[in-house]
Amino acid sequence: MIQAMQPPTSPPASINELLARCQAIAGLSLGELAHMANVVIPANLQRHKGWPGMLVELWLGASAGSKPQQDFPELGVELKTLPIDTHGLPLETTYVCFAQLLMPPGMTWETSNVRNKLQQVLWLPIEGDRSIPLADRRVASGFLWRPNHEENAVLKTDWQELTDAIVTGNIDTITARQGEALHIRPKAANGSVLTDAFGHEGEKIKTRPRGFYLRKSFTAQILQRAFA
DNA sequence: TGATGATCATAA
DNA sequence: TTATGATCATCA
C-alpha cells in the first residue's frame, strides 16, 4: 500500500533523518515519485539527462538548484544516484566534479575537490535498464559510503597521476583510459566549448573542459561491499 | 558490446 | 563560463 507523500521542504537535520527519507522512497518508482511531487515525467532522458538525480534531490531535501559544493553541507554528505542493471551492476560511470585545469599551487589530494566530494557519499541505486520505461524504474535502498584505506589509496594515486599531467601541461595527452578508479573525460555542452589550461611551457592554452568520473568497476565494488 | 569521447538541460 | 544533474552515441 502506497501512502501519498510529499517531498520535504527543509534539509535533513541529521544523517539519520537523511537515511530515513531514503528508506521512505526505497522501492518506489520514478513515476510515483514524480507524480506525488507534481513533476512532469520526460518521455526519455535524451534531453533530460539529469532528471532522475534532480527528482531524488527533491525527495531527500537537498538544496534545489546547483551549488558548487556537497548536496548536504551541514552533514558533509554528497548525494549520487547510480543507474544499475538487473544484476545490480552500474550501467554508467559516475560524474564527480569538474577538473580544475588551472590548478592552484599547493593543491594536494587532501585538499582536492574530488576528495571533498567523495569523503562521504549517499549512494542511491536506481534501475536504469533502457528496456524499463522511465516512469517504471524503481529506486533501490540508499546507503552511506566512506572510502576505506584501500579505496582511498587507489583514488589518490589516480588523482595524482592525472593532476600531474594537468600541471605539467599535458592535459591534451590525457585519455579516459588512464586511471584505475578515477579517470578524466570531456565535460561540456558540446565540442566547441573551450577553457584555459596550461601548455608545456606554462603558457595558457585553450582546451575542452574536463571532469573527473568514477569507473563502473569501482562503483561496482562499492555496491558489492554495501550489499554483500 | 562496452568504454570513450561527446552531448543535453538548467542555474547563477 | 562554470557548475550542477548525468546519459547518449559512436567506434574500436
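Scope of the values below: all heavy atoms of this structure, side chains included, with no hydrogens, waters or symmetry mates. Within every chain, numbering begins at 1; the chains are lettered A, B, ... in the order of the sequence lines, protein sequences first and strands thereafter.
If you take CZ of Arg210(A) and C1' of dA3(C), they are 17 Å apart, rounded to a whole angstrom. As rounded to whole Å, 15 Å separates atom C1' of dA3(B) from atom CG of Leu89(A). Between the C1' atom of dG2(B) and the NE2 atom of His183(A) lies a distance of 12 Å, rounded to the nearest Å. Atom CG of Asn190(A) is separated from atom P of dT2(C) by 14 Å (rounded to the nearest Å). Between the CG atom of Asp129(A) and the P atom of dG2(B) there is a distance of 12 Å, rounded to whole Å.
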Q: I would like to know whether Phe218(A) and Leu182(A) meet side chain to side chain contact (heavy atoms under 4.5 Å, CB included); could you show each step before the answer?
A: CA-CA 8 Å; Phe218(A) 187 74; Leu182(A) 190 71; over 6 Å; no
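Proximity of a side-chain donor or acceptor of Ser29(A) to a complementary backbone N or O of Ala135(A) within less than 3.5 Å is detected.
Electrostatic pairing of Glu151(A) and Arg146(A) does not count as a salt bridge here, judged by no charged N lying under 4.0 Å from a carboxylate O.
Asn170(A) and Thr168(A) are linked by a side-chain donor-acceptor pair at a separation below 3.5 angstrom, with hydrogens and angles left out of the test.
Alongside Phe98(A), the hydrophobic cluster contains Tyr95(A), Tyr213(A) (criterion: ILVMFWY side chains under 4.5 Å).
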What's touching nucleotides 5-9 of chain C from the protein side, N or O pairs under 3.5 Å?
residue	atom	partner	partner atom	Å
dG5(C)	OP1	Asp71(A)	OD1	3.0
dG5(C)	OP1	Asp71(A)	OD2	3.2
dG5(C)	OP1	Glu78(A)	OE2	3.4
dG5(C)	N7	Lys187(A)	NZ	3.3
dG5(C)	O6	Lys187(A)	NZ	2.3
dG5(C)	N2	Gly50(A)	N	3.4
dA6(C)	OP1	Thr81(A)	N	3.2
dA6(C)	OP1	Thr81(A)	OG1	2.4
dA6(C)	O5'	Thr81(A)	OG1	3.4
dA6(C)	N6	Tyr213(A)	OH	2.7
dT7(C)	O2	Lys49(A)	NZ	3.0
dT7(C)	O4	Arg185(A)	NH2	3.2
dC8(C)	OP2	Arg130(A)	NH1	3.1
dC8(C)	O4'	Lys49(A)	NZ	3.2
dC8(C)	N4	Glu92(A)	OE1	3.3

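Contact check for Asn152(A) versus Arg115(A): side-chain heavy atoms found under the 4.5 Å cut-off.
Looking at which nucleotide of DNA chain C each of Asp196(A) and Arg177(A) is closest to, the 5′-most match is held by Asp196(A).
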